[in-house]
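The next block holds one structure in the form of C-alpha cells; read it before the comments.
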There are 2 protein chains.
Amino acid sequence: MGAIRNQIREMRAQREITQQELADRVGVTRQTVIAIEQDKYSPSLETAFKVAMVLGVPLEQCFQYDPRGKR
Amino acid sequence: MGAIRNQIREMRAQREITQQELADRVGVTRQTVIAIEQDKYSPSLETAFKVAMVLGVPLEQCFQYDPRGKR
DNA sequence: CTCCAATGTCAAAAATATTTGACATCAGTG
DNA sequence: CACTGATGTCAAATATTTTTGACATTGGAG
C-alpha cells in the first residue's frame with residue numbers, strides 16, 4: 001500500500017549513484033530499488049534501514065509516513 | 001532476518017498498553033505484535049511506522065538497526 | 001480454588017515483498 | 001548509424017511477513 005513516500009531517487013541523483021549500484025550496496029536487486037523508488041510497495045524495515053545507511057542519512061530522512069496519503 | 005532491535009515491549013509496558021490493544025490500534029494482529037517484539041522477523045516499513053506512531057515516538061526510537069547483530 | 005486477562009507457541013493459509021530473466025526505450029558517444 | 005549504459009516494464013517463481021485459529025501457561029482477583 002502506498003502511504004509511504006521516499007526521496008531515494010533524488011538522493012541517488014545527488015550522489016550520482018546508479019540504481020544498480022545502490023542495489024548492490026544495499027544487497028538487493030535493481031528491481032527492488034525500482035519498486036521502492038516508484039512506491040510500488042513498502043519495503044521491509046531492514047531494507048529501508050540499509051538503504052538509508054548506504055545513502056548516509058537517518059531512515060526518516062529518506063522515508064516518510066503520511067497516514068492520509070495515497071501517493 | 002534479525003539485525004533489528006526494538007523497545008516495543010518496554011514502551012508498551014510504560015504506557016500500560018496490552019499487546020492486543022497495540023495490535024488493534026496499529027491495525028495488525030496480536031501475533032504480529034508478538035513476532036515483532038520477539039524479533040522473529042523484520043516488519044514492513046509501514047507496520048513499523050504505524051507502531052511508532054501509536055507509541056508516539058519517532059520510528060528510530062523504537063527500532064534500531066545494527067548491521068552486526070544476529071540476536 | 002476458580003476464573004479471567006495477558007502472554008506465548010505452533011502450524012497452515014493468505015498476502016506481500018523480493019528475485020530472476022527477458023525485453024523496450026532513450027540519451028549520449030564514437 | 002551502431003553501440004552502450006541507465007531506466008523501465010512484465011510476468012512468474014521464491015521468500016518473507018501477516019493472518020487465522022486452536023490451545024498452553026502464568027499471575028492476580030474474587
Side-chain angles (χ1 to χ4, degrees), chain A residues 1-57 59-71, chain B residues 1-57 59-71:
Chain A
M1 296 119 187
I4 294 181
R5 301 234 177 92
N6 71 76
Q7 279 64 53
I8 296 180
R9 175 171 271 280
E10 294 81 331
M11 303 187 130
R12 202 163 51 68
Q14 295 176 333
R15 280 143 240 240
E16 302 192 59
I17 289 176
T18 189
Q19 289 179 335
Q20 187 64 63
E21 268 179 78
L22 179 58
D24 291 345
R25 292 214 230 159
V26 169
V28 297
T29 313
R30 188 167 69 90
Q31 281 300 337
T32 300
V33 170
I34 292 176
I36 296 176
E37 285 192 356
Q38 296 178 180
D39 287 329
K40 292 231 177 113
Y41 51 62
S42 100
S44 72
L45 183 54
E46 186 163 8
T47 299
F49 264 124
K50 286 186 194 160
V51 169
M53 172 168 281
V54 169
L55 293 178
V57 300
L59 191 152
E60 303 190 336
Q61 196 171 321
C62 31
F63 295 97
Q64 301 87 33
Y65 179 57
D66 62 341
R68 189 166 302 286
K70 283 196 126 45
R71 124 114 306 213
Chain B
M1 293 134 183
I4 294 180
R5 301 237 176 91
N6 71 76
Q7 278 64 53
I8 297 181
R9 175 170 270 281
E10 293 83 330
M11 303 187 131
R12 201 164 51 70
Q14 295 176 332
R15 280 143 239 240
E16 303 193 59
I17 289 176
T18 190
Q19 290 180 334
Q20 187 64 63
E21 267 179 79
L22 179 57
D24 290 345
R25 292 215 230 159
V26 170
V28 297
T29 315
R30 189 168 68 89
Q31 281 300 337
T32 299
V33 170
I34 293 177
I36 295 175
E37 284 192 355
Q38 297 178 180
D39 287 329
K40 293 228 177 118
Y41 50 63
S42 101
S44 73
L45 184 55
E46 186 162 9
T47 299
F49 264 125
K50 285 186 194 160
V51 168
M53 171 169 281
V54 169
L55 293 177
V57 300
L59 190 151
E60 303 191 337
Q61 196 171 321
C62 31
F63 295 98
Q64 301 86 32
Y65 179 57
D66 61 342
R68 189 163 304 284
K70 283 190 129 46
R71 139 115 296 235

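The analysis underlying the following values was restricted to heavy atoms, covering all of them including side chains, and did not include hydrogens, waters or symmetry mates. Proteins come first, then strands; the chains are lettered A, B, ... in the order of their sequence lines, and each starts at number 1.
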### Query
Can you check whether B/Ile36 reaches B/Thr47 side chain to side chain, under 4.5 Å on heavy atoms?
yes
### Message
If you compare every side-chain N and O of A/Arg12 against the phosphate oxygens of D/dA6 (OP1, OP2), does one of them come in below 4.0 Å?
### Response
no
### Query
Which whole-number value in Å describes the distance from A/Ile8 CD1 to D/dA6 P?
19 Å
### Task
Mind calculating the distance between CD (B/Gln20) and P (C/dC4) to the nearest angstrom?
18 Å
### Task
Please determine if a side-chain N or O atom of B/Arg30 lies less than 4.0 Å away from the OP1 or OP2 oxygen of C/dA5.
no
### Message
Nearest heavy atom decides the nucleotide; on that basis, is A/Ser44 or B/Lys40 closer to the 5' end of DNA chain C?
### Response
B/Lys40
### Query
Does D/dT18 have OP1 or OP2 sitting under 4.0 Å from an N or O in the side chain of B/Thr47?
yes
### Task
May I have the distance from A/Gln38 (atom CD) to D/dA6 (atom C1'), rounded to whole angstrom?
13 Å
### Summary
To the nearest 0.5 Å, atom NZ of B/Lys50 lies from atom CG of B/Leu45 at 11.0 Å
### Task
Rounded to the nearest 0.5 Å, what's the gap from CD1 on A/Ile34 to CD on A/Gln20? Could you check?
9.0 Å
### Query
Can you tell which of C/dT9, D/dG8, C/dT7 lies closest to the side chain of A/Gln19?
D/dG8
### For atom CG of A/Leu45 and atom P of D/dT18, their distance in whole Å
10 Å
### Query
Distance check: side-chain N/O of A/Thr32 vs OP1/OP2 of C/dT19, anything under 4.0 Å?
yes
### Query
Does A/Thr18 put a side-chain nitrogen or oxygen below 4.0 Å from OP1 or OP2 of D/dT7?
yes
## Note on the structure
note: B/Asp39, atom CG; C/dG8, atom P; distance rounded to Å ~ 13 Å
### Message
Among C/dT9, D/dT19, D/dG8, which nucleotide has an atom closest to any side-chain atom of B/Ile34?
### Response
C/dT9
### Task
Give a yes/no answer on whether the side chain of B/Ser42 brings an N or O atom under 4.0 Å of OP1 or OP2 in D/dT16.
no
### Task
Could you state the atom-to-atom distance from CD of B/Glu21 to C1' of C/dA5 in whole Å?
12 Å
### Message
Nearest 0.5 Å, please: how far is CD in A/Glu60 from CZ in B/Phe49?
### Response
5.5 Å
### Message
Less than 4.0 angstrom between a side-chain N/O of B/Arg9 and OP1 or OP2 of C/dG8, yes or no?
### Response
yes
### Message
Using a heavy-atom cut-off of 4.0 Å across all strands, would you classify B/Thr29 as base, sugar-phosphate, or nothing?
### Response
base
### Query
Do B/Gln31 side-chain and D/dG21 base share a donor-acceptor contact under 3.5 Å?
yes
### Query
Rounding to a whole Å, what distance do you find between A/Leu22:CG and D/dT7:C1'?
14 Å
### Message
Distance check needed: C/dA11 C1' versus B/Tyr41 OH, whole Å only.
### Response
14 Å
### Query
Going through the distances and angles, do B/Val51 and B/Val54 end up as a side chain to side chain contact (heavy atoms under 4.5 Å, CB included)?
CA-CA 5 Å; B/Val51 168; B/Val54 169; 5.9 Å; no
